[in-house]
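Read through the structure below, which is laid out as structure tokens, and then see the notes.
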Amino acid sequence: MDVMVIGSGGREHAIIKKIKQNPKVNKIYALPGNGGISEDAICVDIGAKDIQKQVEFAVKNKIDFAIVAPDDPLVLGAVDELERAGIKCFGPNKRAAIIEGSKVFAKNLMKKYNIPTAKYCTFSNSKEALDYLKSAPIPTVIKADGLALGKGVIIARTREEASSAVKEIMEDRKFGESGASIVIEEFLTGPEVSVLSFTDGKTIIPMVSSMDHKRALDNDEGLNTGGMGTIAPNPYYTKEIEKECMEKIFIPTINAMNKENRTFKGCLYFGLMITPNGPKVIEYNCRFGDPETQVVLPLLETDLLDIMIATANGKLSDIDVKFSNKSACAVVMASEGYPLKYGTGYEITMPKDLTSEIFVAGAKKEDGKLYTSGGRVLAVTSVADTLKEAIEKSYDVVKKIDFKGKFYRKDIGAKCINN
Ligand code: AMP
Ligand code: GLY
């Protein structure tokens, strides 16, 4: 089989390394991929949002299966276009991807179908939003409706912060058209858990739980980033919470999407908060999380491509999806200055015999050498019998990888082993 994977980050590298293990796989193409991915796949210079070129490439190269990994092409309808051209795909179509593409849609869906989430109001007029904020409980959370590169969520601790966020999003259009509508919601507290799931719209199989570390600095300080590291499983996700999530959140969401005639097929990501009143949905993503994928897939024992093909064919119930009982830790190595301004073009050096997996996110290859090209450069993932060992293994390897301005959090998973 020839497979094509759309995307260029650490998540795509983790997916590619996993599907490479399937003996049926012949060629793997990455569109566009990156310097690290080029060691495991053929990189083709077609951007993740260039759907027309993706379709032409898939048809010309007789691709047997396409995996659309990032949010942008999914929300833009890449799966619809590829399927129209006869290419089988893993990923939701445009009608289903709206669960991530519009926060107003997601909140209204949860309200309509009684799925636990923060209380909220939606606005498409800034004056009404600003009026509402005069008496809204503080802190409050302001979310741009559409995709905003993971930056469209503002936690406002004062009324002034809340009002400026509304003005920036709705009037100045800081996130472009994503800010035409907003959600203002109740501020929730509690540990966060990410649960990715496979679903074909009939069966839903949650994967091992994980925990992201979104802030740039240790002790969850500093700016929000795309994710500085992950661990799996998440110790806050107990058996009881898992059962409650299945009954009150996962199955109701799949059923709700079916009732709305928006059957979701692919990876549905539940961003949860375990509040004093039980688990609630903070966000849905219509795709694998990044960097959650870099710890979840290394623990997957069943063949990933077989699961993806069964999902696309509506036959997920035929597959017995198994995860190992081990623990995993991914430490992201970033460029100093990320998520703001950072330098690029620095050579990355590492020994050949590393004992952990390296998933490359922001690097290019020139003359056989890797050079930094992004904010998040790579993730080091280790798997071990205990979380403590996995963390130690990853940090041992991190110390052996070098590039100018390398920067990483020192406390990935720390709060999970100290309590
Ligand atoms: P982002 O990755 O930019 O979408 O950030 C979402 C983050 O904002 C979540 O991981 C939470 O930490 C936080 N967040 C979102 N909604 C709420 C909420 N209602 N209450 C508290 N924190 C929230
Ligand atoms: N790690 C969060 C996300 O992928 O959106």
Side-chain angles (χ1 to χ4, degrees), residues 7 9-12 14-15 69-72 74-75 97 99-103 106-107 110 116-122 136-157 161-162 165 169 174-175 178-179 182-197 207 209-216 220-232 234 236 266-277 279-297 330 332 334 339 359 361 375-376 379 412:
R11 163 185 57 204
E12 287 75 11
I15 292 172
D71 46 0
D72 279 318
L74 288 166
V75 170
I99 199 164
E100 174 169 4
S102 166
K103 292 200 163 74
K107 294 297 289 190
M110 289 187 269
T117 188
K119 292 196 195 84
Y120 73 103
C121 299
T122 64
I138 295 293
T140 191
V141 184
I142 307 196
K143 302 184 169 183
D145 176 47
L147 299 180
L149 295 169
K151 292 184 188 132
V153 175
I154 287 130
I155 315 269
R157 310 230 163 235
E161 260 177 57
I169 298 176
K174 191 174 174 187
F175 305 113
S178 292
I182 59 167
V183 171
I184 301 185
E185 71 177 30
E186 174 195 15
F187 175 74
L188 298 176
T189 55
E192 287 184 54
V193 180
S194 306
V195 179
L196 284 59
S197 67
M207 301 181 218
S209 62
S210 56
M211 177 191 284
D212 194 3
H213 295 65
K214 287 203 162 113
R215 299 301 194 101
D220 295 326
E221 286 171 10
L223 294 172
N224 238 338
T225 70
M228 293 300 292
T230 37
I231 55 130
N234 185 321
Y236 294 99
C267 173
L268 182 55
Y269 167 127
F270 299 87
L272 306 167
M273 197 172 262
I274 315 301
T275 76
N277 299 318
K280 297 196 177 180
V281 177
I282 289 281
E283 63 168 348
Y284 290 116
N285 289 331
C286 64
R287 51 169 174 90
F288 283 93
D290 190 342
E292 284 90 340
T293 304
Q294 289 90 311
V295 282
V296 168
L297 290 187
V332 169
F359 300 121
R376 287 189 295 176
I412 301 303

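Both counts, for ligands and for their atoms, begin at 1 and track the order of listing. These numbers come from a predicted model, not from an experiment.
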> When you look at M211 and V193, which way does the side chain to side chain contact (heavy atoms under 4.5 Å, CB included) test go after all the steps?
Replying inline: CA-CA 5 Å; M211 177 191 284; V193 180; over 6 Å; no
>> Tell me whether ligand 2 is touched by F288 - counting only heavy atoms on the residue side and a distance under 4.0 Å.
In response: no
>> Please determine whether any non-hydrogen atom of R287 lies less than 4.0 Å from an atom of ligand 2.
In response: yes
For a distance cut-off of 3.5 Å, show me each N or O of ligand 1 paired with any protein N or O, plus the separation.
{"unit_1": "ligand 1", "atom_1": "2 (O)", "unit_2": "K214", "atom_2": "NZ", "d": "3.4"}
{"unit_1": "ligand 1", "atom_1": "3 (O)", "unit_2": "G150", "atom_2": "O", "d": "2.6"}
{"unit_1": "ligand 1", "atom_1": "10 (O)", "unit_2": "E192", "atom_2": "OE1", "d": "2.6"}
{"unit_1": "ligand 1", "atom_1": "10 (O)", "unit_2": "K214", "atom_2": "NZ", "d": "3.0"}
{"unit_1": "ligand 1", "atom_1": "12 (O)", "unit_2": "E192", "atom_2": "OE1", "d": "3.4"}
{"unit_1": "ligand 1", "atom_1": "12 (O)", "unit_2": "E192", "atom_2": "OE2", "d": "2.4"}
{"unit_1": "ligand 1", "atom_1": "16 (N)", "unit_2": "K143", "atom_2": "NZ", "d": "3.1"}
{"unit_1": "ligand 1", "atom_1": "16 (N)", "unit_2": "E185", "atom_2": "OE2", "d": "3.4"}
{"unit_1": "ligand 1", "atom_1": "19 (N)", "unit_2": "E185", "atom_2": "OE2", "d": "2.7"}
{"unit_1": "ligand 1", "atom_1": "19 (N)", "unit_2": "E186", "atom_2": "O", "d": "2.9"}
{"unit_1": "ligand 1", "atom_1": "20 (N)", "unit_2": "L188", "atom_2": "N", "d": "2.8"}

> Does any donor atom in the side chain of D145 or S102 lie under 3.5 Å from an acceptor atom in the other side chain?
Replying inline: yes
> Would you say the side chains of E292 and S194 form a donor-acceptor pair under 3.5 Å?
Replying inline: yes
> Counting both backbone and side chain atoms, is some N or O of D290 under 3.5 Å from an N or O of ligand 2?
Replying inline: yes
> Is the closest N or O pair between K214 and ligand 2 shorter than 3.5 Å?
Replying inline: no
Looking at [atom1] of [X] and [atom2] of [Y], how far apart are the two atoms once the value is rounded to the nearest 0.5 Å?
X    : Y    : atom1 : atom2 : result
L272 : I274 : CG    : CD1   : 5.5 Å
F288 : Q294 : CZ    : CD    : 11.0 Å
I99  : R287 : CD1   : CZ    : 12.5 Å

> Among all protein non-hydrogen atoms, which one is nearest to atom 1 (N) of ligand 2, and what is the separation to 0.1 Å?
Replying inline: E292 OE1, 2.7 Å
> Nearest protein heavy-atom contact for atom 2 (C) of ligand 2: which residue, which atom, what distance?
Replying inline: Y269 OH, 3.4 Å
Do you know the tightest heavy-atom contact between [X] and [Y]?
X    : Y    : value
L196 : G289 : CD2-N, 3.8 Å
V332 : G229 : CG2-N, 3.8 Å
M228 : D212 : N-OD1, 4.2 Å

May I ask you to list the atoms of ligand 2 that are less than 4.0 angstrom from any heavy atom of [X]?
X    : value
G289 : 4 (O)
N285 : 3 (C), 5 (O)
D212 : 1 (N), 2 (C)

>> As a quick check of understanding, evaluate ring-ring contact (aromatic ring centres under 6.0 Å, His included) for Y269 and Y284, giving each step before the final call.
In response: CA-CA 6 Å; Y269 167 127; Y284 290 116; 9.6 Å; no
